[in-house]
Amino acid sequence: MPPPSKTTRGRGAESNASGRFESRQREAFDDGCNETDEVPTPLRTTMTAEKARVIISRNDSPDIGFDRSINPYRGCEHGCVYCYARPAHAYMGLSPGLDFESQLFFKPEAARLLERELAKPSYAPGVIHIGGNTDPYQPQERRLRVTRQILEVMAAFHHPLSIITKSALIARDIDILGPMGQAGLARAAVSITTLDRALARVMEPRAATPERRLDAVRRLSAAGVPTVVMFAPVIPGLNDHELEAVLERSAQAGALSAGYVALRLPREIKDLFAEWLVAKRPDRAERVMSLVRQMRGGKDYDAEWGKRMKGEGPIAEMIGQRFKFARRRHGLDRILPPLDVTQFRVPPRAGDQMDLFG
């Protein structure tokens with residue numbers, strides 16, 4: 001493998017190779033410049049408004065726990081090098097590498113579209129998962145408030161939801177999520193991949209620190225929001241040794257349950273991750289990739305349903321057993337009650353005739 005290009009400060013990927021659908025491929029190379037030459041302009045984040053026609057996405061994947069979701073953003077500034085959503089950026093004519101972290105899209109009409117879809121007479125309520133692809137609370141949400149507006153619509157319709165993030169910004173919306181959680185209408189999941197702040201900094205450069213995520217779990221739980229902690233992804237040889245510690249700290253913070261997902265390296269991610277390992281953890285790069293392949297039948301990744309989330313083989317089985325015992329030890333193996341779809345109702349709009357018997 002060629003040596004990676006110079007790291008862009010504050011970003012996760014080491015390179016920006018062309019997307020797989022592009023007719024022309026670009027690749028970084030050493031042009032002879034050295035550290036005494038002019039420093040290139042830092043990479044800036046751009047936000048582009050996306051004109052969507054619908055906001056609720058549907059899926060029928062048998063190993064995903066929801067059939068409908070909302071993704072307020074495409075791309076993610078958190079820059080997690082392992083993110084399984086990276087390959088989707090190729091459909092936009094962009095790189096799953098640095099473009100994914102810096103050229104982002106948002107849906108300014110998301111709340112209006114959601115209100116319109118939920119108000120349709122034919123709509124049948126079901127739990128909507130927010131953030132199934134990219135994080136709904138990435139840094140730009142503080143300014144754009146797209147996720148906040150979606151939650152406001154969900155609350156008005158008494159519509160059940162689940163939401164996942166690795167950002168402490170979710171605590172901003174406790175005024176909405178708290179009452180919904182207490183009413184059986186909301187559940188939150190917080191991803192905690194490591195307790196090692198140094199590892200988090202290079203692996204998830206713009207995400208909240210581990211301690212801030214634990215604080216978000218604490219605040220959500222105290223507000224009455226049933227909160228799950230996701231130890232995801234489990235990366236053998238890199239963070240798997242932290243499994244028990246993460247679950248212990250999560251239980252202490254008030255989490256009610258926990259889950260895990262093994263590292264997934266579909267399409268371009270396998271090269272991005274291997275490149276990142278060589279640059280950031282060269283002493284263990286070969287071992288980590290060897291262990292990953294041992295969990296994937298000798299390949300970098302196996303997309304087969306039923307295997308892609310946990311892997312297979314002795315290493316995958318050992319991780320599964322460790323997780324099972326740790327979850328039980330810390331009381332995180334409880335089954336949470338289903339979210340309540342029976343409370344759903346379309347709120348009256350200005351000018352609507354009042355229901356005499358309502």
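- For E50 and Y73, the side-chain atoms include no donor-acceptor pair closer than 3.5 Å.
- If you take CZ on R74 and CZ on F100, they are separated by 11.0 Å, rounding to the nearest 0.5 Å.
- With 3.5 Å as the limit, one finds no donor-acceptor pair spanning the side chains of E286 and S290.
- Side-chain N or O atoms of R281 include none that pairs as donor or acceptor with a backbone N or O of V278 at under 3.5 Å.
- Using a 3.5 Å distance cut-off with no hydrogens or angles, the side chains of Q103 and T46 do not pair a donor with an acceptor.
- Between F344 and H159, the ring center distance clears the sub-6.0 Å criterion.
- For the pair E101 and R206, the salt-bridge criterion is not met [side-chain N within less than 4.0 Å of a carboxylate O].
- For E204 and K166, the salt-bridge test passes: some basic side-chain N is under 4.0 Å from an acidic carboxylate O.
- Remark: R148 CZ to L169 CG distance equals 10.0 Å, nearest 0.5 Å.
- Of the inter-residue distances, the one linking E77 atom CD with Q138 atom CD reads 7.0 Å to the nearest 0.5 angstrom.
- Taking 4.0 Å as the cut-off between side-chain N and carboxylate O, E115 and R112 do not count as a salt-bridged pair.
- Remark: the Y137 side chain and the H78 side chain contain no N/O donor-acceptor pair separated by less than 3.5 Å.
- Side chains of N239 and E242: a donor-acceptor N/O pair is absent below 3.5 angstrom, by distance only.
- Rounding to the nearest 0.5 angstrom, the gap separating the CZ atom in F323 from the CG atom in D240 is 14.0 Å.
- Note that CG of L247 and CZ of R328 are 13.0 Å apart. Values are rounded to the nearest 0.5 Å.
- Checked by atom type, the side-chain pair D196/T194 shows no donor-acceptor distance below 3.5 Å.
- A cation-pi arrangement is found for R264 relative to Y84, the charged atom lying closer than 6.0 Å to the ring centre and inside a 45° cone about the ring normal.
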